[in-house]
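Structure, as structure tokens:
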2 protein chains.
Amino acid sequence: MKTTHVADQVLQAALELFASQGYATTSVQQIVEAAGVTKGAMYHYFQSKDDLLFAIYERMLTLQKSHLDEIVAVGGPVEDVLRAVCVDVVETSIDFLPEGTVFFRSLHMLTEPRRKEVTRRRREYHDEFSGLLERGQDEGRFRTDVPRSVLVAHFFSDVHYLSHWYSPQGPETKTEVAEQLTGLFLRSIAA
Amino acid sequence: MKTTHVADQVLQAALELFASQGYATTSVQQIVEAAGVTKGAMYHYFQSKDDLLFAIYERMLTLQKSHLDEIVAVGGPVEDVLRAVCVDVVETSIDFLPEGTVFFRSLHMLTEPRRKEVTRRRREYHDEFSGLLERGQDEGRFRTDVPRSVLVAHFFSDVHYLSHWYSPQGPETKTEVAEQLTGLFLRSIAA
DNA sequence: TCGCACAAACCGACTGGCCGGTACGGCTGC
DNA sequence: GCAGCCGTACCGGCCAGTCGGTTTGTGCGA
């Protein structure tokens, strides 16, 4: 376990650099210098620069999915479940703000098969979310005059946009923003 | 009709390539080939690759601002003005979907002074939008229990996200989506 | 406890290719 | 014959990835 140290440091440095400079404009040399290791060490743990990027996506996707599953498993009235999911997604996204930046900005840099997988897993996630909306609609809780896909996009747009404006140093706390955005969303989709 | 000027063809090709591949991974050679001209011709009209990117931003910013000013100038009840602004922004963003993709994905690639200017003009735009919200709040039409900055972000997140999910070939027309998203937003911010 | 063997971890100079940008010459319309 | 317009060949620099070699850790027999 001690040897994952190098890999972790590299990933962390890569994440920060990708988030601040972008993937394409960050050289492997910069990453290894920031991580305090050498190219040789890095290429011992990763096959390519692309691997670094994918590892970041991997972690993010796995985390999001497990959170969603956990909350849905608890069960309860659909509105409560949806509220909990929304709040959690926003909070998690704030906890992982740099990942979010990289996530949306650099997706097109991933090599084809990996990009496809990311897209697939992301769609799975959206589908599960959409399922909640459908259940709510069936129960007459949510409006049906707007396509579900638009409602889904409407919510995830907020999540996506967080990394463009939210700052932990700003006036609002993570929890406040999560409640506020969730509140806005739930009100807009109510039947 | 020989005369879609070389500069225009280059810009158009650059826009499409930047939108589909990203700025950093698109070479000048690719751009000039797609535009059917040569490097020499391109560098006769543009000083650098960066110029191409900035020109795209320039056009977008100018367009958005002029639309906003026009609508605000018409005047009327604040809710009507805001509705018109929102619908227009969404529709315009759909008309200029590739620009939107490039806009948010490649901002960090612009050289420092230019990035600052883009940010400044964008903030101006947001401030004007925020001014509308403030007026509505003063008149008791919009809620005041959520910070205005969050409301602004909430709306622009939708605009931003359009390029990630909307397709002109999809089931919804531009106008429908504009009405739907605007409707969701206005309902969520009502007093 | 020590010597040894072997593998995993790590180092960093090097390379081949690409890319942004330039130099310069020729062409064309006025 | 001049001035903008454009083609072409080329350059210096950078960058991902490699590769031969060195170090560090570890198990083991004596």
Side-chain angles (χ1 to χ4, degrees), chain A residues 1-58 102 105-115, chain B residues 1-58 102 105-115:
Chain A
M1 295 278 162
K2 65 179 169 205
T3 42
T4 52
H5 204 213
V6 169
D8 287 343
Q9 280 175 277
V10 170
L11 264 188
Q12 185 59 31
L15 171 62
E16 281 161 19
L17 286 167
F18 290 167
S20 69
Q21 308 182 353
Y23 174 79
T25 47
T26 300
S27 71
V28 171
Q29 199 57 239
Q30 274 182 284
I31 296 171
V32 296
E33 272 166 25
V37 302
T38 63
K39 253 194 189 183
M42 194 220 91
Y43 275 101
H44 180 74
Y45 291 100
F46 300 94
Q47 292 202 8
S48 65
K49 189 184 172 188
D50 189 73
D51 263 21
L52 292 176
L53 187 56
F54 186 66
I56 294 171
Y57 279 93
E58 252 287 315
V102 175
R105 193 191 269 164
S106 304
L107 186 55
H108 59 112
M109 301 292 197
L110 271 180
T111 50
E112 180 62 14
R114 293 178 151 181
R115 187 172 63 235
Chain B
M1 207 65 185
K2 61 164 188 203
T3 51
T4 10
H5 210 258
V6 170
D8 289 340
Q9 282 175 274
V10 170
L11 264 189
Q12 185 59 31
L15 172 63
E16 282 161 20
L17 286 166
F18 290 167
S20 68
Q21 308 182 355
Y23 174 79
T25 45
T26 300
S27 71
V28 172
Q29 196 56 250
Q30 275 182 284
I31 297 170
V32 297
E33 271 167 24
V37 301
T38 63
K39 258 195 193 183
M42 195 220 92
Y43 274 100
H44 181 75
Y45 292 99
F46 300 94
Q47 292 202 7
S48 64
K49 187 185 174 189
D50 190 72
D51 263 22
L52 292 175
L53 187 56
F54 186 66
I56 293 171
Y57 279 93
E58 251 289 314
V102 175
R105 192 191 270 165
S106 305
L107 186 53
H108 59 112
M109 301 292 198
L110 270 180
T111 50
E112 179 62 15
R114 292 177 151 181
R115 187 172 64 234

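Chain letters run A, B, ... following the sequence lines, proteins first and then strands; every chain starts at 1.
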For this session: Using the closest heavy atom to pick a nucleotide of DNA chain C for each, name whichever of A:Gly40 or B:Gln30 lands nearer the 5' end.
Result: A:Gly40

Problem set entry | Value in whole Å for how far the C1' atom of C:dG21 lies from CG of B:Asp50 | 13 Å

For this session: Figure out the CD1/C1' separation between A:Ile31 and D:dG17, and round it to whole Å.
Result: 13 Å

Exercise. Say you draw a straight line from CD of A:Glu58 to CZ of A:Arg114; how long is it, rounded to the nearest 0.5 Å?
Worked result: 9.0 Å

For this session: Mind calculating the distance between OH (B:Tyr45) and C1' (C:dG21) to the nearest angstrom?
Result: 19 Å

Problem set entry | Proximity to the side chain of A:Val6 - top-ranked nucleotide from C:dC10, C:dG20, D:dC6 | C:dC10

Exercise. Looking at D:dT18, D:dC15, D:dC6, which one has an atom nearest to any side-chain atom of A:Ser27?
Worked result: D:dC15

For this session: Write down the distance between CG (B:Leu52) and C1' (C:dC19), rounded to a whole number of angstrom.
Result: 14 Å

For this session: Give the rounded distance in Å between these two atoms: CD of A:Gln47 and C1' of D:dA16.
Result: 14 Å

Exercise. Salt-bridged, B:Arg115 to B:Asp50, with N to O below 4.0 Å?
Worked result: no

For this session: Classify the side chain of A:Lys39 versus the base of D:dG17 as yes if they form a donor-acceptor pair under 3.5 Å and no if they do not.
Result: yes

Exercise. Please give, in whole Å, the distance from C:dG21 C1' to B:Tyr43 OH?
Worked result: 5 Å

Exercise. Checking all strands, does A:Thr25 fall into the base, sugar-phosphate, or nothing category for heavy-atom contacts under 4.0 angstrom?
Worked result: nothing

Exercise. Just how far is it from atom OG1 of A:Thr25 to atom CD of A:Gln30, taken to the nearest 0.5 Å?
Worked result: 7.5 Å

Exercise. Could you give the distance from CD1 (B:Ile31) to CD (B:Gln21), rounded to the nearest 0.5 Å?
Worked result: 9.0 Å

Problem set entry | Residue mapping more 5' on DNA chain C - nearest nucleotide basis, A:Gln29 or A:Thr38 | A:Thr38

Seminar exercise, completed: With the side chain defined as heavy atoms from C-beta on, A:Ala41 is closest, among D:dG17, C:dG21, C:dC11, to C:dC11

For this session: Assess whether atom CD of A:Gln47 is packed by more than 12 heavy atoms of other residues, nucleotides or ligands within 6.0 Å.
Result: no

Exercise. Which part of the nucleic acid, if any, lies within contact of B:Phe46, taking any heavy atom under 4.0 Å across all strands shown: a base, the sugar-phosphate backbone alone, or nothing?
Worked result: nothing

For this session: Kindly point out which of C:dC10, D:dC6, D:dA16 is positioned nearest to the side chain of A:Lys49?
Result: D:dA16

Seminar exercise, completed: Here the distance between atom P of D:dC15 and atom CD of A:Glu33, to the nearest Å, is 11 Å

For this session: Give the rounded distance in Å between these two atoms: NE2 of A:His44 and P of C:dG12.
Result: 16 Å

